[in-house]
Undergrad: 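There's a structure below that I have some questions on.
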Amino acid sequence: MFFGLAPDAFVLVVLATLLVGVAKAGFGGGVGVVATPLVALAMPVPEAAALMLPILIGTDVFTVGQYRRNLSLPDLRLLLPAAVVGVIAGALAFDLFTEHERALEIAVGILALSFVGWRLVAPRLLERLHEVAAPSPAWGGLLGAIAGFGSTLAHAGGPPLTVYLLPRGLDRRQFVGTIAWFFFILNLVKLIPYGWLGLLSVRRLSLALALLPVAWLGAWLGVRLLGALDERLFTRLVTVLLAITGLQLLIGADLSAFAG
């Protein structure tokens, strides 16, 4: 047993943490969304999301350090208040379905498969977004709220944020930096509802702290893999993994072996 986890479950958690580190390094843009669904195969969804939150914050610190002066403040001022509303809605969903773990598994499975669908349509959609006018504040507010909701349930708020920011015409460092700061601030905000829900136990925080070096190792690997591995191939492999994970959560595969 490792921090109360069976060996197979611990391996899943380590793999998810590595992927978070790789994603934060900028490799495979957004593949960190696979983390919560993957960990949810080994433990209840709220516990999986709570475990990943301190790890995300730990890696966020390094990311915003690289982009501390590269951000679009007007966009953050628009997006973050709406995202907080989404966080509140996500926390209420957690609370509502506390006694219905299966419902949360289905919700996270749907989010995982939605991200797979996003990966399939993103190239054409994002190309189209370059051709249209800048999004309206109302559109930005809606997408910010969706990002906050998805981020609270499964740390999966990247796609709606990208849809809003891409047509804004930011340079690359501003674009990446705005996303980095958005999720750094949002993840700190999420500590409040996660604490209110009783998800930040000492054991879970201890495991997250122990896994931080694994996330940093993932970031180190991500930087080096950028020049050695085709990014499209890597992203496809992760998307297939996410599709399999999402389907397993939806069909309710028997994963009792992970209980220890």
Side-chain angles (χ1 to χ4, degrees), residues 3-4 13 16-17 20-21 23-24 30 32-33 35-37 39-40 43-65 67-68 71-101 103-105 107-108 111 140-161 164-165 177-212 215:
F3 292 90
V13 171
T17 304
V20 166
K24 289 295 183 181
V33 72
T36 300
V39 176
M43 62 183 68
V45 170
E47 292 185 20
L51 174 62
M52 298 313 300
L53 180 57
I55 295 172
L56 288 167
I57 292 173
T59 52
D60 282 340
V61 170
F62 287 88
T63 307
V64 297
Y67 297 96
R68 55 186 176 275
L71 67 157
S72 172
L73 283 175
D75 288 315
L76 287 179
R77 291 193 188 105
L78 172 66
L79 292 164
L80 282 170
V84 170
V85 174
V87 169
I88 294 171
L92 292 175
F94 262 147
D95 190 41
L96 180 63
F97 292 111
T98 297
E99 303 300 324
H100 304 279
E101 174 61 25
L104 279 175
E105 287 182 354
V108 173
L111 278 174
L142 175 61
L143 290 174
I146 294 172
F149 184 83
S151 183
T152 303
L153 283 184
H155 307 304
L161 189 63
Y164 174 76
L165 286 177
T178 301
I179 290 175
W181 276 100
F182 176 87
F183 283 114
F184 176 54
I185 296 170
L186 195 64
N187 285 333
L188 289 175
V189 170
K190 281 154 53 180
L191 287 171
I192 298 172
Y194 275 44
W196 172 66
L197 292 166
L199 297 175
L200 301 177
S201 67
V202 173
R203 181 178 67 84
R204 210 164 292 138
L205 289 172
S206 298
L207 176 55
L209 183 63
L211 288 169
L212 266 180

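Numbers here are sequence positions counted from 1. Model, not experiment: these values are computed from the prediction.
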Undergrad: Work out which heavy atom in F94 is nearest to a heavy atom in A49; give both atom names and the distance.
TA: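 Closest pair (atom of F94, atom of A49, distance): CZ-CB, 4.1 Å.
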
Undergrad: Give the table of side-chain donor-acceptor pairs shorter than 3.5 Å for residues 141-149, with sequence neighbours excluded, one pair per line with atom names and distance.
TA:
none

Undergrad: Testing the basics here: between L153 and G90, what is the closest heavy-atom pair and its distance to 0.1 Å?
TA: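 Smallest interatomic distance, heavy atoms only, reads CD2-O, 4.0 Å.
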
Undergrad: Do you know which two heavy atoms are closest between A156 and P159, and how far apart they sit?
TA: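 Scanning both residues, the minimum pair turns out to be O-CD, 4.2 Å.
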
Undergrad: Is there a donor-acceptor pair under 3.5 Å between the side chain of T178 and the backbone N or O of S72?
TA: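 It does hold such a pair.
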
Undergrad: Where is the tightest heavy-atom contact between A208 and I55, given as atom of each residue plus distance?
TA: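 Closest approach of A208 to I55: O-CG1, 3.8 Å.
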
Undergrad: Does L212 reach the side chain of P54, with side-chain heavy atoms less than 4.5 Å apart?
TA: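 SC-SC contact between L212 and P54 ruled out.
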
Undergrad: Side chains of L199 and L53: closer than 4.5 Å at any heavy-atom pair?
TA: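 Counting from C-beta outward, L199 and L53 never come under 4.5 Å.
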
Undergrad: Could you grab the distance from atom CG of L186 to atom CG of L56, nearest 0.5 Å is fine?
TA: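 That separation rounds to 10.5 Å.
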
Undergrad: Can you check whether V13 reaches M43 side chain to side chain, under 4.5 Å on heavy atoms?
TA: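 They are in side-chain contact.
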
Undergrad: Atom OG1 of T59 and atom CE of M52: how far apart are they, to the nearest 0.5 Å?
TA: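 That separation rounds to 8.0 Å.
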
Undergrad: Counting C-beta onward and ignoring hydrogens, is there a side-chain heavy-atom pair between L207 and R204 closer than 4.5 Å?
TA: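 L207 does not reach R204 side chain to side chain.
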
Undergrad: Output the distance between atom CZ (F183) and atom CD1 (I57), rounded to the nearest 0.5 Å.
TA: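 Those atoms lie 13.0 Å apart.
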
Undergrad: Which heavy atom in G140 sits nearest to a heavy atom in L79, and how many Å separate them?
TA: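 Scanning both residues, the minimum pair turns out to be O-CD2, 3.4 Å.
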
Undergrad: For T152, does its backbone N or O pair with a side-chain atom of Y194 as donor and acceptor, under 3.5 Å?
TA: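 Present.
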
Undergrad: To check you understand the geometry: which heavy-atom pair defines the closest contact between L191 and L200, and what is its length?
TA: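 Where L191 meets L200 most closely, the heavy atoms are O-CD1, 3.7 Å.
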
Undergrad: Could you grab the distance from atom CG of L80 to atom CG of L73, nearest 0.5 Å is fine?
TA: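 It comes to 10.0 Å.
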
Undergrad: Supply the atom-to-atom distance L92 CG to L197 CG, rounded to the nearest 0.5 angstrom.
TA: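 If we round to the nearest 0.5 Å, L92:CG and L197:CG are 8.5 Å apart.
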
Undergrad: Measure the shortest side-chain to side-chain distance between L78 and P74 over non-hydrogen atoms and say whether it is less than 4.5 angstrom.
TA: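 Of all side-chain heavy-atom pairs linking P74 with L78, none is under 4.5 Å.
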
Undergrad: Are D75 and F182 packed together at the side-chain level, in the sense that at least one heavy-atom pair is separated by less than 4.5 angstrom?
TA: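 Of all side-chain heavy-atom pairs linking F182 with D75, none is under 4.5 Å.
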
